[in-house]
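The next block holds one structure in the form of structure tokens; read it before the comments.
Side chains included, hydrogens not; waters and symmetry mates left out as well; all remaining heavy atoms used. Computed from a predicted structure; not experimentally measured. Every chain is numbered from 1, with letters handed out A, B, ... down the list of sequences.
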There are 2 protein chains.
Amino acid sequence: MAEVTLKDVALASGCSIATVSRVLAGTRPVGAETARTVREAAERLGYRPNHVARALRSRSTGTVGLVLPQITNPFFPTLVRELEHALHAEGRAVLLADCDDDPETEAARIAALLSRRVDALLLIPVDERRSREAVAAAAAQVPLVLLDRGCGPGVADSVAVDNAAGMALVLEHLAATGRRRPCFIGAAGTASTAVERRAAYEAGAAALDPEAPGRSALGDFSVEWGRAAVDRLWPSRPDAVVCANDLIAAGALQRLRQLGADVPGEVAVTGFDDIPLAGLADPALTTVRQPVGELAAEAARLLARRPAGGDPGPRRTVRLAPQLVVRASSVPDPRPLDRTRSASKV
Amino acid sequence: MAEVTLKDVALASGCSIATVSRVLAGTRPVGAETARTVREAAERLGYRPNHVARALRSRSTGTVGLVLPQITNPFFPTLVRELEHALHAEGRAVLLADCDDDPETEAARIAALLSRRVDALLLIPVDERRSREAVAAAAAQVPLVLLDRGCGPGVADSVAVDNAAGMALVLEHLAATGRRRPCFIGAAGTASTAVERRAAYEAGAAALDPEAPGRSALGDFSVEWGRAAVDRLWPSRPDAVVCANDLIAAGALQRLRQLGADVPGEVAVTGFDDIPLAGLADPALTTVRQPVGELAAEAARLLARRPAGGDPGPRRTVRLAPQLVVRASSVPDPRPLDRTRSASKV
DNA sequence: CTGAAAGCGCTAACAA
DNA sequence: TTGTTAGCGCTTTCAG
């Protein structure tokens, strides 16, 4: 299995290795006749370009680093899948890094990817603040796009769902179906998803009921917290439990059922993200779907747009419109309300 | 941010680039004094080795390709996480490929990774048969370890859970808790997990009840199939529904509840894999936990063991012992039965 | 133990 | 349009 190189193909096709390179890489125009001969010889010899050599010379590896907090977070696999496909379609490979939800691990992973000379970085930061330093340093070296979560202003390009719009869709739906006493189970902390969703609840719920913003409990994005928070909020007899993500909502649903509550008759429950679990819950969860495919496409587009040269330039932020998915946890006989999706750039 | 190279470090430390390389890569013995000077200079200049150049020269990229059917299958993220950590600990990076459950995409992804010169491949085949050709070809080029699922005999090293032992644990537990009329919801097809689990059910259930092996329905590994299969099997009044994986079990659980069945009082339900969803189901699912961490560690070990040179040598197969996790879907008041875990090599 | 020199396979100037 | 010539940054003989 002796490696076939450009030289071999050049020898076999009777032209220089430069020409062969140009044909196979499609870098520059080449005579039609020669091109055919070369391609034929390459085919016949079973030539496979050596990406390593190419990368060394051209200073571009054709790889993108994908750094995320925890692949086991059920929202990420779908996103990873879309990103992998979008990038592969452009002939780029994905180096995956899992940070174990720890900013120090994250910094180490970023450094490792950088020393592997990734062309760019796609990154979902572990923490709004504690990730900032490492992210900013990385953004100075390669094009970097923040996904799903922010990391302070002006640090890098970013693309995320419009959390406020999503929460507004939920509240609008609850109002339209006659709910008047909503409450909120959210996440404490500075993560942009946590902040934006709870702010949007507070802003929107006040219109429904002046007391509503006060009926909220803040913990983390977990099922356990969803269960615990219900015990805190249920005594106030809400007719809707708005949750900051689907995991919380799944926990809330479980606990409400244990307490004998009638969902959705007595109380509606809503989530956010539309992870696979949402459709499986019983009753199935009304939630806000993130446009994962577009998120991935937009991230790829931002990467392509930003020049490889270290020039920072102005940061771009893309916000994608979410979609409400109505299921049995908020109405007895769900009938999906399709919302049109659109992207707005800021 | 001019790249610091070996040459710069050599210049700054007053010795040759060869010596610097030897110090920094630790390849050969170097005088203690020189070593210190070199390391100091490297530190001071902020030298970062260029993995691409190193790879070209040493013919080893330090990357491993991880190829899987679908990252959105809820069993895989945990496995990916463990593999990523195990490999990163050895200083290797992970190139991720998602095959969309399609053997042709799988073949393309394998080819792409190979042309990127991965040192090795970790692969969960899409299909027992249709993946074989591409996998065998790849295994001829780089060390390759099959994970979780097989791909025909003698194709490559492989490591997987002992599916038969897992099913035996389930049946044993059901027998011990007084169940006498089990039925089985499995997956059709040739995937090794499907075959092994249903064979083990048939073998083990006969001891419980001669009619039991006949009470089985075969579909795929999905929630939908779990729901549908219950409608087929419930009329035969089983007192236990043994499922080939957790997704099926989740569907079965849902449908049984809709039918008003009392779980676990009237009928027990069991799964396989122990995906995160299992603990969240209501009632929580009794299932078989795969030793994911050990699976990953063993895979990494097999890779390390196999020489980079194309010498096939005998294939190794490692089977890891699973663990029964008893939850509320099989007993009213669950108390975990801890099984000792051990690895046996064949 | 250390240095000099030869490439790994490819692409990018620069000529022709 | 094509060929020639330098390297990319590193590791690895081969001498010393």
*Once you round it to whole Å, what is the distance between P of D:dG9 and CG of B:L24?*
16 Å
*Nearest listed nucleotide, side chain of B:S16, among C:dC8, D:dC8, C:dG3*: C:dG3
_With A:H88 via side-chain hydrogen bond (donor to acceptor under 3.5 Å, both in side chains) - residues at least two apart_ = B:R109
_Between P on D:dC8 and CZ on B:R48, what's the gap in Å once rounded to a whole number?_
21 Å
*Do the side chains of B:D157 and B:L146 get nearer than 4.5 Å, heavy atoms only?*
no
*Could you tell me the separation between the NE2 atom of A:H51 and the C1' atom of C:dC8, rounded to a whole number of Å?*
16 Å
*Between atom CD in A:E3 and atom P in C:dG7, what is the gap in whole Å?*
19 Å
*Salt-bridge test for B:E3 and A:R117: reply yes if a basic N is under 4.0 Å from a carboxylate O, no otherwise.*
yes
*Check the pair A:I110 / A:L123 against side-chain contact (heavy atoms from CB on, under 4.5 Å), numbers first and verdict last.*
CA-CA 9 Å; A:I110 291 175; A:L123 191 143; 3.5 Å; yes
_Closest-nucleotide 5' rank along DNA chain C - winner of A:N50 and B:G31_ = B:G31
*Figure out the CG/P separation between B:D8 and D:dC8, and round it to whole Å.*
11 Å
*Taking atom P of C:dC10 as reference, at what distance in whole Å does atom CZ of B:R116 sit?*
14 Å
*Is A:R81 salt-bridged to B:D100, going by a charged N under 4.0 Å from an acidic O?*
yes
*asked:* Pairing donors with acceptors under 3.5 angstrom, does anything connect the side chains of B:S60 and B:S58?
replied: no
*Output yes when at least one side-chain N/O atom of B:R117 is less than 4.0 Å from OP1 or OP2 of C:dG9, else no.*
no
*Take nucleotides 11-16 of chain D nucleotide by nucleotide from the 5' end and write B, S or -, depending on whether a protein heavy atom sits under 4.0 Å from the base, only from the sugar-phosphate, or from neither.*
BBBB--
